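Single-structure report; data block below.
Below, chains carry the letters A, B, ... as their sequence lines are ordered, and counting in each starts from 1. All values reported here derive from a predicted model rather than from experimental measurement.
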Protein chains: 2
Amino acid sequence: MDKKERILEVAEELFAEHGFEGTSTRMLAAKAGINVAMLSYYFGSKEKLFETMVDQRVNKTREKLQLIAETPISPAEKLNNVIDLYVEKILTNNCIHRIIHREISLHQRSEMTNVITDILLLNAQEIIRIIHEGQEKKIFREVDVEMTVGTIFGTISQLINSAALCSKLMNLDPTESVSSVKIQTRLQNHLKDLLHAHLTPKNASA
Amino acid sequence: MDKKERILEVAEELFAEHGFEGTSTRMLAAKAGINVAMLSYYFGSKEKLFETMVDQRVNKTREKLQLIAETPISPAEKLNNVIDLYVEKILTNNCIHRIIHREISLHQRSEMTNVITDILLLNAQEIIRIIHEGQEKKIFREVDVEMTVGTIFGTISQLINSAALCSKLMNLDPTESVSSVKIQTRLQNHLKDLLHAHLTPKNASA
DNA sequence: AAAAATTAATCAATCGTTTGATTAATTCAA
DNA sequence: TTGAATTAATCAAACGATTGATTAATTTTT
């Protein structure tokens, strides 16, 4: 097993669970089963380890998103595909997304936040482009496009960031995670249904 | 000026900006213009200060929410009122809500998290009750009610937790905050429009 | 044997908290 | 109405513990 990989793995878990400041280098070393000095040896510092971990993960989703946007299908289908992809990616990698979300919520202008913000911005603009395309083709009605993107992102984030709340709200038995396939498809269906109702012109047939 | 109040005031700011672990007692003391010892003197510990601060704020909104739920108006109107109230409360008190959101996202089962979760749960159930009422009266269609609540909470949270992202996305000039009245009404209108489209039966007239 | 990986020991800095002393305000007794 | 006793508020200084990081020595790999 690659120790460097192993460190990145436990870093994702611990940072998600205790936050950046709440995770000490000794906690990381203990959980990874290595000596503290190895962190500096491999990554230079705790902060660089954090940045490396985020960097490695943060770019993956966007390529697939762009692929969808370029596929020659209807905007409605594109949007459905985007939702399926986004929900699946975020729920199955909920650790890193909780970390990102928390980092951003601090409103601290670090190099890291800027990098993350820019990537999320690209994702958002891709979705906006899809909606605009649908509006030009008159199959989507006029809505607040930016806020609509906020609804997509926000609904998914809500589920992973307030997992305990959502669990209680949906009467999940404690063994079942909000990342389960069942919840995943339920969220996908909800978002598709919601956006369909939201974007379909009022006088159009259902 | 009451020093105890002043401490709670700056605590809200600093915890929102730097997180709990990222805020030292000396930072708090410096910003509040008091001696570090006063924190222990007044609150016992940093943790208790945190809990006091959250406790003081977290209960306020719910009373008003319940008032709306009991007012004898149509479920559609109730929902609109709930949205107006919730958006206004969260945007104008965005510090405490960022803190709460972050605390919950840690998934750490502390007494604090339980208290917060329970209160949010009550709020959520109040909204669910309103939607159910509308469904019984056949003026709302069948939807995933729990997920719909997640959409309401999530959309609002998205705006305050990813303020930098939202600012760029909506081309706000840097002086304008996401908590401005302009954005507030825009968010309220979006949510009302979204939920109206989502909940209105398909074969009903617009 | 040279290089890379790993270790225990240690560093200065900072953490949250406590201490003992001092001041200012209030209460009580004469 | 003084003067003594008590309380609350505030302070600088220091506490032990922990932080992220580094050192120098040792082991492992090539």
Check the distance between C:dT19's P and B:Y41's OH and give it to me in whole angstrom.
15 Å
Could you tell me how far apart A:L39 (CG) and C:dA5 (C1') are, to the nearest whole angstrom?
14 Å
Please confirm whether the ring centroid of B:F153 lies under 6.0 Å from the ring centroid of B:Y86.
yes
Does the separation of the ring centres of A:H198 and B:H196 fall below 6.0 angstrom?
no
Sugar-phosphate only, base, or nothing, as touched by B:F43 at under 4.0 Å among non-hydrogen atoms
nothing
Taking NZ from B:K4 and P from D:dT10, how many angstroms apart are they, rounded to a whole number?
12 Å
Among B:H18, B:R102, B:R98, find the residue that satisfies the side chain to side chain contact (heavy atoms under 4.5 Å, CB included) test when tested with A:L106.
B:R102
Rounding to a whole Å, what distance do you find between A:E5:CD and C:dA5:P?
15 Å
Ignoring hydrogens and geometry beyond distance, is a side-chain donor-acceptor pair present between A:S177 and A:S180 at under 3.5 Å?
no
d(CG, A:D2; P, C:dA4) in whole Å
16 Å
Going 5' to 3' along nucleotides 12-20 of chain D, which nucleotides have protein heavy atoms under 4.0 Å from the base (write B), which only from the sugar-phosphate (write S), and which from neither (write -)?
B-B----BB
Would you check if A:Y42 and A:T52 make a side-chain contact, meaning some heavy-atom pair closer than 4.5 Å?
no
Are more than 12 heavy atoms from other residues, nucleotides or ligands located less than 6.0 Å from atom CD of A:E21?
yes
When the distance from CD1 of A:I34 to P of C:dT6 is rounded to whole Å, what number comes out?
9 Å
Rounded to whole Å, the CE-P distance (A:M38 to D:dA25) equals 19 Å
